[in-house]
Amino acid sequence: MLCRKSSRNGVASGSVPVYLNVYDLTPMNGYAYWFGLGVYHSGVQVHGVEFAFGAHEFPSTGIFEGEPKRCEGFTFRKTILIGKTDMGPGEVKAVMEELAAEYRGNAYNLITKNCNHFCNDACLRLTGNPIPSWVNRLARIGFLCNCVLPVTLNSTKVRHHRMEEKQCEGEGEKEALASEGKKQSASNSTPSPSPARGRRGRSRTRRPLPPPSPLIIGSSSSSS
């Protein structure tokens, strides 16, 4: 297990700073912050990358990385210097891989295993220092959360999984359009019945269907 011990002054030896980026999950933080409370999302910033943890419905890891201080869906509040590390980018990635098995997306829990729990574990391994207690204080008094937290904060969805879902939906629409185009093409290729012999009067011929809309063909070909 990779970790770094704190030096005597409480800051781990090393030259690379490790920051905790804190975000507001709800506007009520504007008041609760001054009472040492609030509902926060956090991410660990090191080597110019921010690592965070969020929920999804799969047993794969919920740890993801992104641009520092720009986690979509949350309001950035402040950056806190946790300490320093001598780990390189590869070693930091190895730490995240060790944490990946423990922090699975479907194991996310607002009270017992949230983004702040992950950041605390990551900071301990990188610097030997924990995150400030106020960041995750509301989770420790979880019996209040049912009456304090909005229902929409029960989980923090990971952005890249939503993108995968949208991609799957797009592929489903593409297949549906392609199937519709094939059905119309098959209808066009059906031979029209020849007029009956020995029948007097005007012969009735089956009118062919109009060609498939070029918009359907264009949509299916352009989305591939």
Side chains of [X] and [Y]: closer than 4.5 Å at any heavy-atom pair?
{"X": "Met87", "Y": "Val95", "answer": "yes"}
{"X": "Cys123", "Y": "Asn129", "answer": "no"}
{"X": "Val16", "Y": "Val46", "answer": "yes"}
{"X": "Pro68", "Y": "Val49", "answer": "no"}
{"X": "Lys93", "Y": "Glu65", "answer": "yes"}
{"X": "Asp24", "Y": "Phe76", "answer": "no"}

Audit row: Leu25, Phe74, side-chain contact (heavy atoms from CB on, under 4.5 Å) steps and yes/no: CA-CA 6 Å; Leu25 267 72; Phe74 309 116; 3.9 Å; yes

Non-hydrogen atoms of [X] and [Y] that approach each other most closely:
{"X": "Lys84", "Y": "Pro17", "answer": "CG-CA, 4.0 Å"}
{"X": "Ile80", "Y": "Pro132", "answer": "CD1-CG, 3.9 Å"}
{"X": "Tyr103", "Y": "Phe53", "answer": "O-CE1, 3.4 Å"}
{"X": "Pro130", "Y": "Leu124", "answer": "N-CD2, 3.7 Å"}

Taking [Y]'s backbone N and O only, do any of them form a donor-acceptor pair with [X]'s side chain (distance below 3.5 Å, no angle check)?
{"X": "Asn116", "Y": "Asn136", "value": "no"}
{"X": "His47", "Y": "Gly90", "value": "no"}
{"X": "Ser42", "Y": "Asn21", "value": "no"}
{"X": "Glu57", "Y": "Asn106", "value": "no"}

When rounded to the nearest 0.5 angstrom, what distance separates [atom1] in [X] from [atom2] in [Y]?
{"X": "His56", "Y": "Thr61", "atom1": "NE2", "atom2": "OG1", "result": "6.5 Å"}
{"X": "Arg125", "Y": "Glu98", "atom1": "CZ", "atom2": "CD", "result": "5.0 Å"}
{"X": "Thr127", "Y": "Asp86", "atom1": "OG1", "atom2": "CG", "result": "11.0 Å"}
{"X": "Ile82", "Y": "Leu20", "atom1": "CD1", "atom2": "CG", "result": "5.0 Å"}

Distance-only polar pair, side chains of Asn120 and His117, donor-acceptor under 3.5 Å: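 Not at all, the side chains of Asn120 and His117 share no donor-acceptor pair under 3.5 Å.
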
Test of ring centre spacing under 6.0 Å for Tyr23 and Tyr40: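 No, the ring of Tyr23 stays outside the 6.0 Å limit from the ring of Tyr40, centre to centre.
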
Salt bridge present between Arg70 and Glu50 (N-O < 4.0 angstrom):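 No, no charged N to carboxylate O under 4.0 Å.
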
Those residues that, when tested against Ala122, pass side-chain contact (heavy atoms from CB on, under 4.5 Å) (two or more places apart):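 Ala122 satisfies side-chain contact (heavy atoms from CB on, under 4.5 Å) with Val44, Met96, Leu99, Phe118 once adjacent residues are dropped.
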
hydrophobic_cluster_shared for Val135 and Leu81, side chain cutoff 4.5 Å: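 No, separate clusters.
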
Residue pairs fulfilling salt bridge (Lys or Arg N to Asp or Glu O under 4.0 Å) with at least one residue in residues 103-119, sequence neighbours excluded: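 Matches after skipping sequence neighbours: Glu102-Lys113.
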
Non-neighbouring partners of Tyr19 that pass side-chain hydrogen bond (donor to acceptor under 3.5 Å, both in side chains), sequence neighbours left out: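 With neighbours one apart ignored, the set is empty.
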
